[in-house]
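Data first, discussion second: the structure below is written as structure tokens.
What's counted below: heavy atoms across the whole structure, side chains too, no hydrogens, waters or symmetry copies. Residue numbers begin at 1 in each chain, while the letters A, B, ... track the order of the sequences.
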There are 2 protein chains.
Amino acid sequence: MKSLVSRCPIEEVMQLLSGRWPTLLIYYLKQGTKRFSDLRRDNPTISHKMLSLELRKLEDAGIVERTEFEGYPLRVEYQLTPAGHRLVPLIDALGDWWETTSDGGGHSSSADAEPVASNTVLRD
Amino acid sequence: MKSLVSRCPIEEVMQLLSGRWPTLLIYYLKQGTKRFSDLRRDNPTISHKMLSLELRKLEDAGIVERTEFEGYPLRVEYQLTPAGHRLVPLIDALGDWWETTSDGGGHSSSADAEPVASNTVLRD
DNA sequence: CGGAATCCGCAATGATACTG
DNA sequence: CAGTATCATTGCGGATTCCG
């Protein structure tokens, strides 16, 4: 999905949030400031490159703020911007909608649903 | 994005809504019952095949209901299910968030933002 | 440690033709 | 009109390597 088809804000947001990682990263960032390697630990399956790319995308969109510490070894921290924080409940609402829609087994609800990417890797 | 990485509902919803078309189709379907060709008119840039694929995906997800009329010429109508209707405001909220975030010019707000895919094609 | 550049395979997408 | 099947193409996403 490279070029926009309409000027519709919905399409523009989806262009930003589409894909497996954006919402997941936002989710983990919700927990507070994270370093690059922290996020890699949170999502073991994302490649070095993808993480870097996705973070930049979110940064450009003003959802994530990047802070670089020049020392050694290089160190960079990421955190949600206010806009990013405002986005969180909307994403949670979608997750909530999904649970109440797809099944009746609400094992965990919106604000507390915990991704478990760490060890549960489901491949086709 | 084929396989899931976590059992997180957020990731599952995104797997469904990711891409350019799902949200756009839901948006147009919000207006009421539509035929296949109506939806093609709404989104001139979607291919015949894609529309068919995306509609099936939404149908399988229980967001869209398909009604087939056996007469001739063949005729099929699509409409949002109750679950689909519940999803609409959530998507609108995202569009709303985008507008208040990316700029300060709130020219139109959530429930009334109108996609104009019909003629405004922006390529990179 | 964090990130950019490169190469490459595969899945998603699009064009076309065919069926009911 | 609506949908499927087939084939060609694109570009995402992953592995690797080099730079700061």
Euclidean distance, atom CD of residue Glu59(A) to atom P of dA4(C) [Å, nearest integer]: 10 Å

dC1(C) OP1/OP2 closer than 4.0 Å to side-chain N/O of Arg40(A): no

Basic-acidic side-chain contact under 4.0 Å: Glu77(B), Arg75(B): yes

Integer-rounded Å distance: dC19(D) C1' and Glu68(A) CD: 13 Å

Under 3.5 Å donor-acceptor pair, His48(A) side-chain atoms to dG14(D) base atoms: no

Nucleotide nearest Pro73(A) (side chain, heavy atoms from C-beta), chosen from dG3(D), dC1(C), dG13(D): dC1(C)

Gap between atoms CG and C1', on Leu51(B) and dC1(D) respectively (whole Å): 13 Å

Phosphate OP1/OP2 of dG3(D) contacted by Arg56(B) side-chain N/O (<4.0 Å): no

Check against side chain to side chain contact (heavy atoms under 4.5 Å, CB included), Arg66(B) and Leu55(B): CA-CA 9 Å; Arg66(B) 207 184 94 116; Leu55(B) 281 174; over 6 Å; no

Selection from dG2(C), dA2(D), dA5(C) that lies nearest to any side-chain heavy atom of Phe36(A): dG2(C)

Option from Ile91(B), Thr23(B), Leu24(B) for which side chain to side chain contact (heavy atoms under 4.5 Å, CB included) with Met14(A) holds: Thr23(B)

Whole angstrom value for the distance that separates P of dG2(C) from CG of Leu53(A): 16 Å

Separation of atom CG in Leu58(B) from atom P in dG3(D), rounded to whole Å: 13 Å

Nearest-angstrom distance from the residue atom CZ of Phe69(B) to C1' of dA2(D): 13 Å

Arg35(B) side chain near dC1(D) phosphate (N/O to OP1/OP2, under 4.0 Å): no

CZ-NE2 distance between Phe36(B) and His48(B), expressed to the nearest 0.5 angstrom: 4.5 Å

Rounded distance (Å) that lies between atom P of dC19(D) and atom NZ of Lys49(A): 18 Å

Interatomic distance where CG belongs to Leu39(A) and P belongs to dC1(C) [whole Å]: 14 Å

Phosphate-side-chain proximity, Ser52(B) and dA2(D), N/O vs OP1/OP2 below 4.0 Å: no

Touch class at under 4.0 angstrom, heavy-atom based, for Tyr78(B) against every strand present: sugar-phosphate

Of Glu54(A) and Leu74(A), the one whose closest DNA chain D nucleotide lies more 5': Glu54(A)

Asp38(A) bridged to Arg41(A) by N-O distance under 4.0 Å: yes

